[in-house]
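Report on the structure given below.
Each chain gets a letter, A, B and so on, in the order the sequences are listed, and its residues count up from 1.
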There are 2 protein chains.
Amino acid sequence: MAREAGVSQTTVSYVLNDVPHQKIAAETRYRIHAAVAKLGYTPSAAARALRKGQSDIVLLLLADMPLGHTAIELVEQLTRILRQQGLSVVTRIEDGGANDSLWADLAPRAVVMLAPVQAGRRKRMEAAGIQVINAWRRKPEDAAHDTLAHSQHRVGEVQARHLAATGHRHIGYAAPTDPRLADFCELRLQGVRQACRELGIDPPVVREVGSDRDLATDIAHEWRTEGVTAVCAFNDEVAFALLAGMRAADLEAPGDLAVIGVDDIPVAQFAEPPLTTVDQHIGVVAAGLAQAVLRRQDPPEVSGQPRGELATVVVRQSA
Amino acid sequence: MAREAGVSQTTVSYVLNDVPHQKIAAETRYRIHAAVAKLGYTPSAAARALRKGQSDIVLLLLADMPLGHTAIELVEQLTRILRQQGLSVVTRIEDGGANDSLWADLAPRAVVMLAPVQAGRRKRMEAAGIQVINAWRRKPEDAAHDTLAHSQHRVGEVQARHLAATGHRHIGYAAPTDPRLADFCELRLQGVRQACRELGIDPPVVREVGSDRDLATDIAHEWRTEGVTAVCAFNDEVAFALLAGMRAADLEAPGDLAVIGVDDIPVAQFAEPPLTTVDQHIGVVAAGLAQAVLRRQDPPEVSGQPRGELATVVVRQSA
DNA sequence: CTGAAAGCGCTTACAG
DNA sequence: CTGAAAGCGCTTACAG
């Protein structure tokens, strides 16, 4: 490569990396770019990583749980935003431990954890100079400065407020049965609880709604006998199960029990009745995460929490 | 590291890589492992990659299209299978070109493309010694040796055969409107067409069903006037739209029009009526893909096409 | 059975 | 404005 352009390795490196404060003659630059094009040269990232100790990769670790539509959108957005900054987002689904070798393999600049983080692992990564961004706080107290957790809390709040605004004072909460969803559920549920407190209405009556229609029917009846008139479902899937259980017992939404989901999955509009749900503004969350990654390297440009609403209600017929 | 154990770099490398035909004294081995544990030493993958010219990473490139539940499962399974072979699967959503830098960054051993592959890009990767596995054939003719394409073809076949088996002779095909899904749709549709040919029934009447309920209603009426009695939907989402359109016009499934989807998404069982659909056996596809990756390096153990059914019908009420 | 040495392809002080 | 040289941490012939 250097030979083809008739210059030294050094100069090639300067030109290709646009090293500031290095004046390079325009003609030399040109010769180098020509040679690059001619040879189809691509710098070896392995060598660069070895030399600099870090690659330009940001590793996104996803929890091993049912990943929906929304999670994928988050991945896409984060990938897009960070690419503009020259960083390559690479995604990995967690699976317990074996990933240690992966972060060593990639020598990522940062690891964004959308999964539980074990203290030991975190320490090892940080010791290796990798920035660890924990976007998965279990405890709501920790969530204050965390866009993702904050948005989950907000989701619950938005659900409860919509129900209250349409006159409901006794609400239920339909939790999923999958234990891997428990942390997420807790965050959303806290949001619901807080909203209820603030609105001065009863705390939500929580029940696990599995993916069994008959069970959902029973639960719907129970809620009604307890005076519950509306329920926040953990997500749209749980809402579908509940709606199916209600139809089986000739219970109507929102008349007998109003139901509001979360996610606005593509089929939500085709539910019977069409599902009222909460749309998460994933772009805002992604921007928050991207900021956290970038803050380290570009102090001035980025600032605190991202602005913008994190979630809004999509009103259809079920609530 | 070598110093801590009181041996040379060479020996450390031999021990850690279990180099065959290198006899190392048990005591030396032990000293090295002890030092590894004590220092928390992790070999630099960047250096290894630089030296060997390849990392242990397999890059999975996903098309930029609505990725469902099924796609995610494929990613999970492939990750799991390949990890057992010491390979790290890393996933990236395609976005047009900018990924060139990524494969250079990772120096992956193989790239599995679940996205359209441009000839130029492919050539560059292969020139770099990267194995390229193209699991995205546009043309059904190319699909013969490709597990993924083959399974898509099979999906259509299974749909049509189920409909024929329940007495339908005039079937419709509900295609999605998203152009990014066109290639996939074509593969499935070919499967339907072939099954119709083999069964001696009319070719499917294809219509695009968007996510507009009223439009779906109109289309349902059209099909009925044309004598269509059952329809294969591209996937469960399209099926939901169609079912919603039918309910709006008091048309019943399967009486007025039978509907069968694809994917068995979690909410399919809660459709009104519960959706009959096709379950793709993603494990088989993943195994096929994994084989293709491994074939190159471990010739003997793996053989041709994976065995096993690729898709089966989940019978519920809509068809 | 073990080690000294070369070299993978970069980046970056440093010297001109 | 440009280049010679060191060194990042490995692997692997090769020599003992």
Below 4.0 Å: OP1/OP2 of C:dC10 and any side-chain N or O of A:Ser13: no
Opposite nucleotide pairing with C:dT2, Watson-Crick or G-U, both atom distances under 3.5 Å: D:dA15
Touch class at under 4.0 angstrom, heavy-atom based, for B:Leu50 against every strand present: base
Closest to the A:Lys52 side chain, choosing from D:dT12, D:dC10, C:dT12: C:dT12
Rounded interatomic separation in angstrom, taking CZ from A:Arg29 and C1' from D:dC1: 11 Å
D:dG16 to D:dT12 separation - C1' atoms, rounded to the nearest Å: 16 Å
Spacing between B:Ile32 atom CD1 and D:dT11 atom P, to the nearest angstrom: 12 Å
Test item: side-chain donor near acceptor, A:Gln152 and A:Gln280, under 3.5 Å: yes
Separation of atom CZ in A:Arg48 from atom C1' in D:dG7, rounded to whole Å: 17 Å
Per B:Gln9 side chain, nearest of listed nucleotides D:dG3, C:dT11, D:dC10: D:dC10
Donor-acceptor pair between B:Thr10 and B:Ser13 side chains, under 3.5 angstrom: no
Listed nucleotide nearest any side-chain atom of A:Arg51, set D:dA13, D:dA4, C:dC10: C:dC10
Side-chain N or O of B:Thr28 closer than 4.0 Å to phosphate OP1/OP2 of C:dT2: yes
A:Asp263 side chain to A:Thr70 side chain, donor-acceptor N/O pair below 3.5 angstrom: yes
Shortest side-chain distance from A:Ser8, nucleotide among C:dT11, D:dT11, D:dG3: D:dG3
Under 3.5 Å side-chain donor-acceptor pair for B:Arg92 and A:Thr79: no
Check against side-chain contact (heavy atoms from CB on, under 4.5 Å), A:His281 and A:Leu310: CA-CA 5 Å; A:His281 297 197; A:Leu310 287 166; 5.5 Å; no
5' priority, DNA chain C, between A:Ala47 and B:Tyr14 [closest heavy atom]: B:Tyr14
Pairwise P distance for D:dG3 and D:dG7, with rounding to whole Å: 22 Å
